[in-house]
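One structure is given below, encoded as C-alpha cells.
As a basis for the values below, the full set of heavy atoms in this structure was taken, side chains included, without hydrogen atoms, waters or symmetry mates. Just so you know, ligand 1 is whichever comes first in the structure, and atom 1 is the first atom listed for that ligand.
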Amino acid sequence: MVNIAVLGYGTVGSGVVEVINTNHASINKRAGADINIKYVLDLRDFPGDPVEKVLVHDYDVIANDPEVDIVVEVMGGIEPAYTFVKRALEAGKSVCTSNKALVAKHGPELMEIAREKNINFLFEASCGGGIPIIRALNSSLTADEIDEITGILNGTTNYMMYKMSTEGCEFDAVLKEAQAKGYAEADPTADVEGYDACRKIAILSSLAYGRFLNYEDIYTEGITRITPEDMQYAEELDMTIKLLGTSRKIGDDSFYAMVAPFLVGKTSPLYSVNDVFNAVFVHGNVLGDAMFYGSGAGKLPTASAVVADVVDEAKHLHRNIMTNWSSRPLELIPMDEVEGRFFVRVKGTTVDQVKAVFDEVEIVNLKSLPGEFGFITAKMKQGEYKEKVQELNGSVITMIRVKD
Ligand code: HSE
C-alpha cells in the first residue's frame, strides 16, 4: 500500500480524491500498489462529506507520520505550501503539486532536495492542466535541441478571448463565467494580467532549455486592454487574438521570452485552440513541429495530471526521476532586441504618413470604425518599432504583436 496525503480540499484537491475513487482499480494496477488516501488537510470542516473520515487540520500529523509516502500539494500560493512541501521532502516523502507559483519560484531548490533524498518532486499539473507536457519535455523530447515553446497556457483567458470574439461578450461578465466554472485563480488578476501564464512559460522553458528561467525576468502583458474593436480588426485580417506565453532560442546562448496578447493567423495550429483548451507548440531541431493540446484548467483535468504524478511516484518510491532543469540561470536578451511584426491601430494620421515612417505596411480599414485604421509592420526589432512609432505623434490607439 502507498499512503498519500492531500494538502487542500478545494477545486483541485476534491478532484484528486474523486479521480482516485472513480478509477481506483486501474490506477492501482498502473501504480503497482494500492493507493490509499490516508489524510486530507484543510482548515475547513466538510460535514457529511466522506472525506471527513480522513480530514486533519494540523500539518504536523502528516509530516510526522512515517507511513505517508506521497504528499499531494494542491493548496496553491507560496506559503504555507513551500514550507509544507520542503518539510515533506526533507522527511523523505515524495511530493507532487499543481502549484505553478511554487514551482516557478522554488522549483530548483525542491528538485535538488528530492534528488539528494532519492525521492521525487513532480509537477505535471502546474502547466497546461491535464495536458501531459512536463513529462513529454522531460522524458520524450530528449533527442532534440528545443528552440521554441509557445503556448496558450491559461484556460481562463483563452475562454474569455474566445467568448469575446465569438459572442461579443463583455470582459467582466465572461470573467465571472470562467470563475463559476472553476477555471480562474483565487485572485483572477493572475489570469487576466498574464502572471499565471508567465509562471507556466518559465517552468516549460526551464525544462526545455535545461536552465532556470526566473519568471520575474519575463516581459508580461495581460488581456485587460483588448477590446471588441481589436477583435473586429483580427477577424478582418483572418486572425484571432490569443494570450501566448512564448520563448525562443535565437542563438547559441541567446533567448527571449514573453507573455502577451498576439494576433494569430488561421494557418497557425494555435488559431483553433478555443474555449478553456490549452495548447503547447514545441519546435525541436530534429523533430520539427509538435503540438500538445487538451483541457487547460478545471477540477478533473488538473486532478488527472496530479494523479498521474502520484502513480509515477508510487512506481518510483525510492528512485529519483531525473529532471532536465539545472539551477544555472537562463538569461534573456532585452525586449528591444526581440524581432517581430506589430499590428497598430491609429487615428488622426494618414496612410501616407504611416508609410513614410514604416515603409512597407499592410493596411486594414473597418467600415464600422471610421476615422481610424490599422496596419501591420514588416518584421523589425521592438526597439526600432518604438523609435518609429514616436514619429506618429500620439496617433496610436493600440499595438498588438503578430505571431509569426
Ligand atoms: N487559472 C488557471 C487557468 C488554472 O485558467 O489556466 C490552471 O492553471
Show me the pairs that pass ring-ring contact (aromatic ring centres under 6.0 Å, His included) and involve residues 49-79, at least two apart or across chains.
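Output for this query lists Tyr59-Phe84.
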Tell me whether Gly129 reaches ligand 1 (any heavy atom closer than 4.0 angstrom to a ligand atom).
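False for this residue.
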Charged N to carboxylate O below 4.0 Å: is that the case for Asp404 and Lys379?
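No.
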If the cut-off is 4.0 Å to any non-hydrogen atom of [X], which atoms of ligand 1 fall inside it?
| X | result |
| --- | --- |
| Glu185 | 1 (N), 2 (C), 4 (C) |
| Lys100 | 4 (C), 7 (C), 8 (O) |
| Asp191 | 1 (N), 2 (C), 3 (C), 5 (O) |
| Gly296 | 6 (O), 7 (C) |
| Ala184 | 1 (N) |
| Gly155 | 3 (C), 5 (O), 6 (O) |
| Tyr183 | 1 (N), 2 (C), 3 (C), 4 (C), 5 (O) |

Under a plain distance cut-off of 3.5 Å, with no hydrogens placed, do Tyr233 and Glu372 share a side-chain donor-acceptor pair?
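Distance-only check passes for Glu372 and Tyr233.
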Give the ring-plane orientation class for Phe375 versus Phe373, where under 30° counts as parallel, over 60° as perpendicular and anything between as tilted.
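If you compare the ring of Phe375 with that of Phe373, the planes turn out tilted.
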Measuring only between side-chain heavy atoms, which start at C-beta, is Leu175 closer than 4.5 Å to Pro188?
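Yes, at least one pair of side-chain atoms sits under 4.5 Å.
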